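Notes follow once the structure below has been shown.
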Amino acid sequence: MKKRQFIKNMGLVTGAAMIAPSVLTSCSSPEVDSFKLWAWVGNGANKTKDEWEAQFNRLKSLGFHGVLAGGGKEALNISVPLANSLGLEIHSWQWVMNRPGNEEAQAHPEWYAVSREGNSSLDVNPYVGYYQWLCPSKPEVQDWIVKGMKNIASVEGLSGVQLDYVRYCDVILPRGLWEKYDLVQDHEMPQFDFCYCNTCRSKFKSESGYDPLELEDPSQDEAWRQFRYDSITNLVNRIADEVHAMDRQLSASVFATPKLARKLVRQAWDEWNLDFVFPMIYYQFYDESIEFVKSGTQEGLDALNGTKPLYTAQYLHDKTPQDVREMVKLTKEAGAQGLAFYDYGLITPEIEQVLAEI
Ligand SMILES: [Zn+2]
């Protein structure tokens with residue numbers, strides 16, 4: 001849906017509520033009628049056409065609206081026509097700043113983000129072996145990323161591109177993950193704080209007059225924090241310009257709320273030129289109860305202020321059918337436009353039954 005049309009529809013909903021509030025409370029409301037379901041569908045071990053088809057058929061029969069499909073162009077050339085033939089919207093799921101084992105990027109070791117300790121994330125992987133983060137400030141990195149997104153967007157019949165890992169490395173992990181990594185992250189630790197490469201430091205210095213490494217505590221510097229929010233925002237908006245020019249939509253999976261996303265991974269996602277957004281309100285990662293699905297969703301909706309649809313993303317690992325029923329209820333109560341599930345492989349027959357009831 002185009003932004004203008006979406007705002008128009010929001011206006012209709014609001015208008016209807018003002019004229020006849022009883023209509024919305026007593027029978028099916030326009031919001032609930034248009035509640036959309038999405039699923040991430042990975043490329044697995046390079047799925048066959050029959051496997052894609054079976055999975056898309058199952059999602060379609062469960063009433064899903066769209067899929068966020070893994071794999072490169074080769075996989076999309078199979079999955080996109082299939083999704084279109086079934087009437088499923090299909091967006092290409094793309095990792096942006098974290099590029100583990102990417103040979104093209106590895107040919108340029110200087111492209112990788114550098115920690116406050118001075119280590120490249122190519123050589124010293126923060127937290128996990130698959131964390132290899134690129135620097136968002138280098139023009140050559142930006143050009144390479146934008147070129148890759150344009151190449152993906154050129155697949156015929158594709159609805160859009162969905163950005164993932166479009167952020168800095170977690171300078172602070174969500175609260176529920178501290179024990180797993182044996183960390184107490186009540187402050188920003190230098191080995192997880194990026195990017196202090198020469199490009200970032202000199203660009204910031206030319207704008208502000210000082211080098212962030214010369215600060216006693218760089219984590220307390222408002223301008224340095226803002227510089228990094230803007231680095232990601234500028235890149236996302238550049239991708240948006242290119243993808244929109246190709247008549248494709250742009251979306252992103254982001255951290256739970258705009259406030260947490262800024263604090264933990266420097267994502268100011270409520271400022272991005274996206275067509276819609278998937279906040280990953282994985283409540284257990286934040287050491288929160290399931291009620292956080294509702295309050296977190298509301299925070300995002302408040303920040304977006306009706307400018308674009310918000311689909312709450314949920315991780316299905318370790319979830320009971322009752323949990324899923326509750327997620328759906330809380331997301332609807334918060335007023336989101338739908339739910340996205342990570343991922344297809346976790347939709348068990350028991351969960352399938354819950355989804356069929358929606
Ligand atoms: Zn940098």
Side-chain angles (χ1 to χ4, degrees), residues 94-150 163-173 185 187-242 252 254-255 261-269 271-273:
Q94 292 291 321
W95 289 26
V96 184
M97 300 313 303
N98 180 28
R99 299 291 188 115
N102 187 293
E103 286 177 16
E104 242 180 281
Q106 283 176 351
H108 308 274
E110 73 283 5
W111 283 9
Y112 289 81
V114 174
S115 74
R116 201 193 324 157
E117 283 189 328
N119 290 319
S120 163
S121 89
L122 174 63
D123 308 319
V124 181
N125 313 131
Y127 306 110
V128 283
Y130 67 89
Y131 261 15
Q132 287 186 335
W133 295 84
L134 298 176
C135 164
S137 301
K138 291 184 195 293
E140 53 275 31
V141 171
Q142 296 168 357
D143 292 347
W144 179 72
I145 288 172
V146 170
K147 190 175 143 209
M149 296 303 155
K150 281 173 73 177
L163 310 176
D164 198 357
Y165 288 96
V166 59
R167 59 179 178 90
Y168 283 83
C169 168
D170 325 50
V171 65
I172 293 177
L173 289 171
Q185 291 191 310
H187 64 287
E188 296 188 3
M189 302 166 115
Q191 63 270 43
F192 307 117
D193 185 16
F194 292 86
C195 174
Y196 291 80
C197 78
N198 289 335
T199 307
C200 286
R201 284 165 54 207
S202 60
K203 190 162 180 259
F204 178 73
K205 191 173 180 178
S206 72
E207 290 171 14
S208 67
Y210 54 95
D211 181 338
L213 268 189
E214 287 165 3
L215 294 165
E216 195 174 321
D217 183 0
S219 74
Q220 297 305 310
D221 193 83
E222 183 61 38
W224 176 228
R225 266 204 302 270
Q226 187 64 44
F227 174 87
R228 289 175 289 175
Y229 303 156
D230 293 345
S231 298
I232 297 292
T233 299
N234 292 339
L235 176 61
V236 170
N237 288 348
R238 215 185 125 188
I239 298 170
D241 287 346
E242 297 288 351
V254 295
F255 269 43
R262 279 178 177 79
K263 183 178 174 187
L264 304 183
V265 295
R266 315 200 194 283
Q267 273 179 332
W269 57 258
E271 295 175 4
W272 300 351
N273 293 337

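When a ligand or atom number is given, it counts from 1 through the structure's own listing order. This one's a predicted model, so the numbers in the text were calculated from it and none came from an experiment.
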* Pairs flagged by salt bridge (Lys or Arg N to Asp or Glu O under 4.0 Å) wherever residues 130-144 is involved - sequence neighbours left out -> D143-R238
* salt bridge (charged side-chain N to carboxylate O under 4.0 Å, His left out) with E242: which residues, sequence neighbours excluded? -> K150
* **side-chain hydrogen bond (donor to acceptor under 3.5 Å, both in side chains): pairs with one or both residues in residues 111-120, sequence neighbours excluded** => R116-D193
* Asked: Do we see a donor-acceptor contact under 3.5 Å between the side chains of D221 and Y210?
  -> yes
* Anything protein N/O/S under 2.8 Å from the Zn ion (ligand 1)? Just list residue and atom, please. => C135 SG, C195 SG, C197 SG, C200 SG
* State, without any angle test, whether Q106 and N102 hold a side-chain donor-acceptor pair at a distance under 3.5 Å. => no
* To do: May I ask you to check whether Y229 and W272 place their ring centres under 6.0 Å from each other?
  => no
